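Reviewing the structure listed below.
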Amino acid sequence: MRSRRFAAATALLLLGACSDIGGQATDDATTTTVDAPAEAGAVEAGSADDDSATTDAENADAAENDDVDDEPADDGRISWAPTGSGGGGAFSAPSVAADGTLLVGSDLSGAYLSRTGGSWTALGASRGLTDTHVSATVFAPGRSDVFLLGTDGGIHRSLDGGSSVDRVADGGYTTALVAIADESFLAARAPQWNETGTSIWRSDDLGGTWTELSPPPRSDAYVLGFRLDLGDADRVLAISGPSRFAVGAAAVFESLDDGETWAELPLPGPPSDLRQTDDGAWWLTTTTAPIDGDSLGSGTLYRSTDLTGWTAVAGDLTGVIAPTPDEGDGAVAVFDLGRWNRSPDTAPVVFADADGVVAAPLPGDRWNAGWSSAPWAFEFGFDGAIRTSTVTADGDLVWVNGQFVHRSDGDGAQPLHTFASDSGWASTGIDNTVAVAVSVSPHDPDDVLAGYLDLGLWASADGGGAWESRNDPAWTGAWGGAGGNATAVAHDPNDPDAAWAALGGDIGDGPVHLIRRSGGIGARVWDEVSLPEGALRVTDLALGSDDPAVAVVVDGVLLVAPDRTVDEPVWAPVTDCDDGCQVVTTSGSGWYVGGASGVWAVSSTGAAVRVLLVEGSVGEPAWWSPAYAGVSDVDVARGGAEVWVAATGADGGFWQSTDGADTWTRVVADGWARGVDVDDRVPGRVLVASSSATLSGGYDTSSDGVRVSADGGRSFTEANGDLPWPFALRVVTGPGVLWTVSPGVGLAVADDPLAD
């Protein structure tokens, strides 16, 4: 739920959102499996010498006999099924084909395609897409098998209905696409995601090759969308304005020669939307506050028969214009979503014809927001009205925003991203979320908790089939229960009814709350467990099965309390990991805690000793930050002798110790290493997670997603299955099931092929 947080995102965050690589680039970003005994390349605890890991020669030999391949693993193929409540953010640029097929872009997950509107398929790297941020879409006229995707790095094309996607143009940030003839398209491209200065390009071979044309006459143009004249095949209009990333000129440019040359069109005010009805009339909404793509203010609805003389039809009305022939010849519906949010008792849809406003029949309770009660459920997206709406052949409006996908025929809007089931809300396949934590109960695989950035805390009582929000207003700050940030979740291995979570409002603004469930699976009531005053961020927590203690990483410091059954535990600070702890796991006789500078072994008495030194980014606030480098996860096999570490960055990869953290081997070099899980149910099985994307997208070909070892780490096999992108921040084993946290998809679950 990022429509609020990302509107004020930092420059660093936005850079990650639109870059080709969403994480810390390193020389070790390629993956190499070391097919050697664990003793080979072993290093003493605390060593920072990069040569003490695998040598270049060993890596070269391993590359020639690489055990990471595309063949199914010997232990059975893992088939992932995305799951969640549906919706995420942000969505953009919906398009509809003549047969009703829908296409929607996103900022993390590439594109989503729906043949029926009831279910969606994500288009990602598994189909050839190389950019996670899709900012423009268009179908070829009369076809649903041919479409173009404009991205933050070029233009992609599919000729087979989305089964495969190929890059056809490099460079620039594509802000708009339009089909002007059977095989001809125009594209508007900014120099990069946060710069104005639109260039116009044309293709006459179904997008295969592109030629640059004359640009609009204003250097501050930022074209959000095109409109074609139904009565003049040579006339094209380009609408410029403010967007999520760049504040372009509020203007409309006209071309009378299919985009070859452009002139600014005189208008009665800054444009919000511009549409033509079947009778040839043009409708314009203006805005008094073209500040950014998320704020339209108020405005006026105008009508013109020739794009020169404009007649004001209604005041205090702006937003998306949808031709509605069912309401009469030349009629339109104006979806003034900003007006509805300013005054919820007013109708968000107003019908108009040439004589003025004729009806405004829709009360707010006729609108279905799905699982969300948030006022932004019906807002415009970050890209403004132009790039967040489209009209179907029968006059229905499809619009997207910072979190949701809706469809309305004027009698009410229905969510296309979620549906209600007997046990909660289930996704239709269009999620685009950032989950950072998942926990499946060791007592019951149906009992699952998920922690998201912005969507907050969610619980499933049927193994991920459906979800319910646990975002109590008491714990979610300004989100008011409509979202939040849940950054750590864990089930109690000693108590099947108990579970824990860290939940708060905007991260870093505080306070963060540590909450505990005691009523078992499905319980809606959670109680707060006190943290030290002023706590702002929890990045991990760990509950051991051998004692009642609890360990929590709070604001970069490891805190341990000896009794997790009380509401006010006595916390003892143990270590700050040389200025920044991030993750913690139980060791059987204490804990291992990792941060930007390595891993510390903590005894039950609180003594902390560094056992592995890595080069990281000290001072980064969280392991999921795109700029973070250092230890991102730690896990321990039953018995405590075998320890695994996932480290991101220059010393990135998966490190293993088989002697209780005395010596270490970097078994796999991987600059995108994020998570590791030692499966105690299957001897020798280790699952690892790699992702170039974190909270802001970005695809690098060396991102490997999920891999599995069946021989204790001697070799690994790719196990991404049906994931659209090879992204995994976490991979978790449970009784008969596997879970992964995948940026964009959010969560995915699989039946364990080795389960009894």
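These figures come from a predicted structure and were not determined experimentally.
Classified by interplanar angle (parallel below 30°, tilted 30° to 60°, perpendicular above 60°), the ring pair Trp399/Phe335 is tilted. Taking the six-membered ring for Trp and thresholds of 30 and 60 degrees, His133 and Phe245 have ring planes inclined between 30 and 60 degrees apart. Taking the six-membered ring where the residue is Trp, His417 and Phe404 present tilted rings, their angle falling between 30° and 60°. Taking the six-membered ring where tryptophan is involved, the planes of Trp210 and Phe185 are tilted, since the angle between them lies from 30° to 60°. Ring planes of Trp262 and Phe226: tilted class, angle from 30 to 60°.
Judged as a side chain to side chain donor-acceptor pair (under 3.5 Å), and not counting sequence neighbours, Asp353 has no contacts. Here Glu260 pairs with nothing under the salt bridge (charged side-chain N to carboxylate O under 4.0 Å, His left out) rule; sequence neighbours left out. Looking at residues two or more places apart in sequence or on another chain, you find no side chain to side chain donor-acceptor pair (under 3.5 Å) involving His406. Under the side chain to side chain donor-acceptor pair (under 3.5 Å) criterion, Thr116 pairs with no residue at all, not counting sequence neighbours. Taking the salt bridge (charged side-chain N to carboxylate O under 4.0 Å, His left out) definition, one finds that Arg235 meets it with Asp229, Glu254, sequence neighbours left out. Legend: residues meeting ring-ring contact (aromatic ring centres under 6.0 Å, His included) with Trp725, ordered by chain and number and at least two apart, are Tyr699, Phe727.
Between Asp131 and Arg167 a salt bridge is recorded (basic side-chain N to carboxylate O distance below 4.0 Å). A salt bridge links Asp273 with Arg227: at least one charged nitrogen is closer than 4.0 Å to a carboxylate oxygen.
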> What's the verdict on side chain to side chain contact (heavy atoms under 4.5 Å, CB included) for Phe253 and Ile239, showing C-alpha distance, side-chain angles and the deciding distance?
Replying inline: CA-CA 6 Å; Phe253 305 103; Ile239 307 172; over 6 Å; no
> What's the verdict on side chain to side chain contact (heavy atoms under 4.5 Å, CB included) for Arg387 and Thr175, showing C-alpha distance, side-chain angles and the deciding distance?
Replying inline: CA-CA 8 Å; Arg387 288 168 61 192; Thr175 59; 4.2 Å; yes
>> Between Thr318 and Thr286, is the side chain to side chain contact (heavy atoms under 4.5 Å, CB included) condition met? List the steps.
In response: CA-CA 6 Å; Thr318 189; Thr286 62; 5.8 Å; no
>> Let's go through Ser427 and Thr418 carefully: what are the C-alpha distance in whole Å and the side-chain angles of both, what is the deciding distance for side chain to side chain contact (heavy atoms under 4.5 Å, CB included) to 0.1 Å, and is it a yes or a no?
In response: CA-CA 5 Å; Ser427 172; Thr418 188; over 6 Å; no
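Residues Leu177 and Arg189 have side chains not in contact (no heavy-atom distance under 4.5 Å, counting atoms from C-beta outward). In this structure, Leu113 and Trp120 have side chains that are not in contact, with every pair of non-hydrogen atoms separated by 4.5 Å or more. Within the 4.5 Å cutoff, side-chain heavy atoms of Leu230 are placed close to those of Asp278. Side-chain contact between Val398 and Val96 is absent, with no heavy-atom pair separated by less than 4.5 Å. You'll find the side chain of Leu455 reaches within 4.5 Å of the side chain of Ser85, heavy atoms only. The shortest distance between side-chain heavy atoms of Leu102 and Ser95 does not fall below 4.5 Å.
When all heavy atoms are compared, the tightest approach of Thr137 to Leu149 is CG2-CD2, 3.9 Å.
Atoms OG1 and CG, on Thr300 and Asp316 in that order, are 8.5 Å from each other to the nearest 0.5 Å. Interatomic distance, CG of Asp166 versus CD1 of Ile155, reported as 13.5 Å (0.5 Å rounding). Atom-to-atom distance recorded for Leu274:CG and Thr285:OG1 is 8.0 Å, nearest 0.5 angstrom. A distance of 7.0 Å separates CG in Asp258 from CG in Leu186, rounded to the nearest 0.5 Å.
By the 6.0 Å contact criterion, CG on Asp329 is open, its count of non-hydrogen atoms from other residues, nucleotides or ligands being 12 or less. More than 12 non-hydrogen atoms from other residues, nucleotides or ligands lie less than 6.0 angstrom from CG of Asp99.
Taking the ring axis of Trp310 as reference, the NZ or CZ atom of Arg303 does not stay both within 45° of it and closer than 6.0 Å to the ring centre.
Under the 3.5 Å distance criterion, with hydrogens and angles disregarded, a donor-acceptor pair is assigned to the side chains of Trp479 and Asp506. Side-chain contact check for Asn194 and Gln192: at least one donor-acceptor pair (N or O, by modelled atom type) lies under 3.5 Å. Looking at Asp204 and Ser184, their side chains do bring a donor and an acceptor atom within 3.5 Å of each other. Using modelled atom types and a 3.5 Å distance limit, the side chains of Ser109 and Asn432 yield a donor-acceptor pair. Checking Thr308 against Asp306 by side-chain atom types alone, a donor-acceptor pair falls below 3.5 Å.
Checking side-chain atoms of Arg275 against main-chain N and O of Ile321 turns up a donor-acceptor pair under 3.5 Å.
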